[in-house]
Amino acid sequence: MSERFDAFILFAEMRTGSNHLEQLINSAPEVSCLGEVFNPTFIGHPNEEVLAGFDLATREKDPIGCLNALKEATPGLMGFRFFHDHDPRVLDRVIPDPRVAKIILRRNPLDSYISRKIASETGQWKLTDVKHRRSAKIHFVAAEFQAMLEAWQVFYGRLRGQLQRTGQAAFQLDYADLDDPAAVNGILRFLGVNADIDPSMSKLKPQNPAPALSKVDNPEEMLAAVAAIDSFGLDQVLHRDVKASARVPQFLATPGGELLFMPLPGGAGSELRAFLAQSAGVEVDDLVGGFDQRTLRAWYKEHPRHRRFTFVRHPLARAHSVFCSDVLPTGRPRFAQMRRVLRRRYGVPLPRAEDWPSYDLAAHGAAFSAWLAFLKGCLAGQTALEAHRSWSLQADAVQALAGVAGPDFVLREGGASFGLDDLARLARLPNPAKLTPATLSLSNDAPFSLTEVYSPKLEELARKAYRRDYLVFGFDDWTG
């Protein structure tokens, strides 16, 4: 048993080699890595239902009790794998505790993205014999990769800061280190375990060893997208404490440098892009975007008289829009796991593919109502699912903009007296669009609009979930 630590946590992500590393660690005596103990969809491993007397329901109610029970019930040193979308409540307990060892396993995010897409396409998530390898070419989707990258950046940036503030050091290794006996055994030395393991004895084999460009059907598009995201090497992403919450790559500017739009997650997008283009007298494709921290600072210096603005949606309207676009659809694999958890753990009656023919307005109202009730606990950090940026508090998102110079104007959906056309005139744009937040049409939700489903009960649920947004931005009840 280790004298230095009572437990350990292995921070990793899907397709970074964490299964392989867990198997290697478990080949050492007196060390037990129990899998993804706090994965929202299962406990430990997909074929397990109970650990130390805790099933999913009891773990959901008492994650810290589950952690303590596992430490007591596990012979030797207990550990588990933790991904960025696992139960965030656990981190408040383990991060400040110096008796819990921290291990961080990294992999180039592009390789992880491609590997995950191939595994989803082929259905093969583990490989023990190369003659059974399944292969496929995938289509690189820049928006998907950017979303994954931002989620990693936010999580590991926070983790790095928390470890620094508590004076702790994590053992860090790369995917390529898993074949290095010295590196792998260094983990045991770090944990204070007197044992040695042989990486060559692992049954797991690399599934997609070919170069990344050979695994996609649109390599030129992938190269261009990756170059725009990061010109300094994606393998360094977990070392950089970036302010990803500001969504700098989504900022849009008029060609003349008069206005800069700073969009918020889950907010208005295409409507305001059209407003910018019309006011500047150009096409939407002529707007300036694709910024990073460096190019944005350069743009600021080149256009010192610019005006920056963001747009805040009514909390209920935004929640319904996100529900329709991200939560409700059955054909989006990105949120498939989340939908399963919402159905099974939180009682949100989301339709499956076979339910769509009978999905009516009443069913939509019931599902949306349950979703809002879930949001109250999720945004308060009381659920195993973390708050996705699309439905997190807009007040927090506006605050994050301060890291890259906050907006001069925060326009609100509804009857604001100062509108977009006023802003366009203030910025001296040649063709100010006749558009105000009160007349901006954002009600394109499907299969049902908020007007059709609205009730005072939904407003009350939204106020409970988004109390701070209602308070900070002064929103009244939604009026359509």
Side-chain angles (χ1 to χ4, degrees), residues 12-17 83-84 105-122 124-125 127 133-157 174-179 206-253 255 261 263 265 269-270 273 282-299 302 332-335 389 404:
E13 299 296 336
M14 292 183 68
R15 316 307 292 174
T16 57
F83 299 173
H84 79 274
L105 174 62
R106 305 185 306 267
R107 188 183 186 185
N108 184 306
L110 183 61
D111 289 333
S112 293
Y113 170 82
I114 293 173
S115 179
R116 181 174 181 177
K117 294 270 283 189
I118 292 176
S120 298
E121 181 74 20
T122 62
Q124 187 176 61
W125 296 87
L127 180 67
R133 177 182 288 130
R134 305 172 192 168
S135 61
K137 279 197 173 186
I138 59 97
H139 188 76
F140 176 85
V141 181
E144 284 182 350
F145 179 65
Q146 178 72 47
M148 184 201 83
L149 191 63
E150 287 183 356
W152 286 23
Q153 289 173 324
V154 170
F155 179 80
Y156 286 97
D174 191 77
Y175 179 81
D177 296 329
L178 297 180
D179 293 327
Q207 289 181 239
N208 307 291
L213 289 177
S214 68
K215 303 174 194 175
V216 299
D217 59 18
N218 56 335
E220 293 83 7
E221 182 180 344
M222 182 177 76
L223 285 174
V226 170
I229 292 171
D230 182 6
S231 59
F232 296 100
L234 287 169
D235 58 337
Q236 299 300 311
V237 67
L238 302 188
H239 293 291
R240 292 158 42 201
D241 191 5
V242 298
K243 291 180 173 62
S245 295
R247 289 165 52 94
V248 170
Q250 278 71 48
F251 289 4
L252 280 176
F261 172 44
S270 60
R273 286 193 292 271
V282 299
E283 299 296 324
V284 172
D285 290 344
D286 294 325
L287 296 174
V288 180
F291 292 104
D292 57 28
Q293 300 276 343
R294 177 181 56 82
T295 58
L296 182 64
R297 286 193 295 270
W299 188 89
E302 292 173 8
R332 295 191 63 182
R334 177 184 168 197
F335 293 104
R389 63 189 313 153
V404 290

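Any value given below was found using the heavy atoms of this structure, including those in side chains, with hydrogens, waters and symmetry copies removed.
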Enquirer: Search all heavy atoms of E221 against all heavy atoms of F140 and return the closest pair with its distance.
Expert: OE2-O, 4.1 Å
Enquirer: Where do L105 and G17 come nearest, in terms of heavy atoms and distance?
Expert: CD2-C, 3.6 Å
Enquirer: Under a 4.5 Å cut-off applied to non-hydrogen side-chain atoms, are R107 and E13 in contact?
Expert: no
Enquirer: As an exercise, state the distance from CG of L110 to NZ of K215, rounded to the nearest 0.5 Å.
Expert: 9.0 Å
Enquirer: Considering non-hydrogen atoms only, spot the tightest contact between K117 and V141 and give its length.
Expert: NZ-CG2, 4.2 Å
Enquirer: Taking side chain to side chain donor-acceptor pair (under 3.5 Å) as the definition, give me every residue that meets it alongside D217, ordered by chain and number, with sequence neighbours left out.
Expert: H139
Enquirer: For L287 versus P255, what's the shortest heavy-atom pair and its separation?
Expert: CD2-CD, 4.2 Å
Enquirer: Do R116 and E144 come close enough that some side-chain heavy atom pair is under 4.5 Å?
Expert: no
Enquirer: Over all heavy atoms of both residues, which pair between A151 and H84 is shortest? Give the atoms and the distance, please.
Expert: CB-NE2, 3.7 Å
Enquirer: Would you say the side-chain atoms of S112 pair up with the backbone N or O of R15, donor to acceptor, closer than 3.5 Å?
Expert: yes
Enquirer: Please find the pair of heavy atoms, one from W299 and one from A253, that lie closest to each other, and give the distance.
Expert: CZ2-CB, 3.4 Å
Enquirer: Report the C-alpha distance between Y175 and N108 in whole Å, list the side-chain angles of each, state the deciding distance to 0.1 Å, and finish with yes or no for side chain to side chain contact (heavy atoms under 4.5 Å, CB included).
Expert: CA-CA 8 Å; Y175 179 81; N108 184 306; over 6 Å; no
Enquirer: In the structure I gave you, are the side-chain heavy atoms of L149 and Y113 within less than 4.5 Å of one another anywhere?
Expert: no
Enquirer: Between the main-chain N or O of T295 and the side-chain N or O of D292, is there a donor-acceptor pair closer than 3.5 Å?
Expert: yes
Enquirer: Nearest 0.5 Å, what's the CD-CE distance between Q153 and M148?
Expert: 9.5 Å
Enquirer: Do F251 and F291 have ring centroids that are under 6.0 Å from one another?
Expert: no
